Visitor: 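Structure below; questions to follow.
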Amino acid sequence: AAVDSIEQRIGDFSNESLVAILTSFAKVKAFNSNLFGVAAEVLAKEGSLIRPQDIANCTWAFASSGHSHPDIFSGLSTFAMERLHEFQPEQVALLVWAFSSVR
């Protein structure tokens, strides 16, 4: 029920909130392909507006969940590379891990 509500209101969440939701689902290993798919479509379009920490967390959530959505990884990699100078070392490490974990 909660996932359905989130999916229906996906456009109402800020990028930060949406990434936090995905990260929370990934941490408790409660992967929902529909939720991650809908979120991927939204976040891939918003990439240039997403903070470096949220880009790192988002890719971690997808990789940890085993969901290698092409829009997320191709879209966010472009934005991350353009703004790599804004990332902290631990955020870069998280990105490297996430990208190396997806197949």
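All figures in this text were calculated on a predicted structure; none of them were measured in a lab. Below, each value reflects all heavy atoms present in this structure, side chains not excepted, and no hydrogens, waters or symmetry copies.
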Visitor: Ala44 and Phe79: which non-hydrogen atoms are nearest, and at how many Å?
Guide: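 Heavy atoms of Ala44 and Phe79 come nearest at O-CE1, 3.7 Å.
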
Visitor: Please report the closest heavy-atom contact between Leu35 and Asn32, naming both atoms and the distance.
Guide: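 Minimum heavy-atom contact is N-OD1, 2.8 Å.
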
Visitor: Working to the nearest 0.5 Å, report the span between CG of Asp54 and CZ of Arg51.
Guide: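 Rounded to the nearest 0.5 Å, the CG-CZ separation comes to 4.0 Å.
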
Visitor: Using a 4.5 Å cut-off on heavy atoms from C-beta on, say whether the side chain of Leu43 contacts that of Asn15.
Guide: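 A side-chain contact exists here, since the closest heavy-atom pair is under 4.5 Å.
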
Visitor: How long is the span from the CD1 atom in Ile10 to the CD1 atom in Ile6, to the nearest 0.5 Å?
Guide: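 If we round to the nearest 0.5 Å, Ile10:CD1 and Ile6:CD1 are 7.5 Å apart.
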
Visitor: Under a 3.5 Å cutoff, is there a donor and acceptor pairing between the side chains of Ser77 and Ser74?
Guide: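 The criterion, which ignores hydrogens and geometry beyond distance, is not satisfied for Ser74 and Ser77.
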
Visitor: Could you grab the distance from atom CG of Leu49 to atom OG of Ser14, nearest 0.5 Å is fine?
Guide: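 Between atom CG of Leu49 and atom OG of Ser14 there are 11.5 Å.
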
Visitor: Please find the pair of heavy atoms, one from Ala56 and one from Leu95, that lie closest to each other, and give the distance.
Guide: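 Taking Ala56 first and Leu95 second, the nearest heavy atoms are CA-CD2, 4.1 Å.
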
Visitor: Scan for side-chain hydrogen bond (donor to acceptor under 3.5 Å, both in side chains) pairs involving residues 84-99, sequence neighbours excluded, and state none if there are none.
Guide: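 For residues 84-99: Gln53-Gln91, Arg83-Glu86, Trp97-Ser101.
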
Visitor: Could you go through residues 20-29 and list every donor-acceptor pair under 3.5 Å that involves a side-chain atom there, pairing it with any protein atom two or more places apart or in another chain?
Guide:
unit_1	atom_1	unit_2	atom_2	d
Thr23	OG1	Val19	O	2.8
Ser24	OG	Ala20	O	2.9

Visitor: I'd like to know if Val102 and Val92 are part of one continuous hydrophobic network [Ile/Leu/Val/Met/Phe/Trp/Tyr, side-chain heavy atoms within less than 4.5 Å].
Guide: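 Yes.
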
Visitor: When you measure from the side chain of Ser17 to the backbone N and O of Phe13, does any donor-acceptor pair fall under 3.5 Å?
Guide: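 No, the answer is negative, given that no donor and acceptor are paired below the 3.5 Å cut-off.
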
Visitor: Between CD of Glu41 and CD1 of Ile72, what distance do you get to the nearest 0.5 Å?
Guide: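 Going from CD on Glu41 over to CD1 on Ile72, the span is 10.0 Å.
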
Visitor: If every non-hydrogen atom of Phe62 is compared with every non-hydrogen atom of Phe36, which pair is closest and at what distance?
Guide: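 In this case the closest contact between Phe62 and Phe36 is CZ-O, 3.4 Å.
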
Visitor: Looking only at heavy atoms, which two atoms of Leu76 and Cys58 are closest? And how far apart?
Guide: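 Closest heavy-atom pair between Leu76 and Cys58: CD1-SG, 3.8 Å.
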
Visitor: Tell me whether Trp60 shares a hydrophobic cluster with Phe87, the cluster being built from Ile, Leu, Val, Met, Phe, Trp, Tyr side chains joined at under 4.5 Å.
Guide: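 In one cluster with Trp60: Phe87, no.
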
Visitor: How many angstroms lie between atom CG of Leu84 and atom CD of Glu82, to the nearest 0.5 angstrom?
Guide: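 Leu84 atom CG to Glu82 atom CD measures 11.0 Å (nearest 0.5 Å).
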
Visitor: Could you check Asn57 against Leu94 for side chain to side chain contact (heavy atoms under 4.5 Å, CB included), going step by step and ending with a plain yes or no?
Guide: CA-CA 8 Å; Asn57 288 347; Leu94 204 55; 3.6 Å; yes

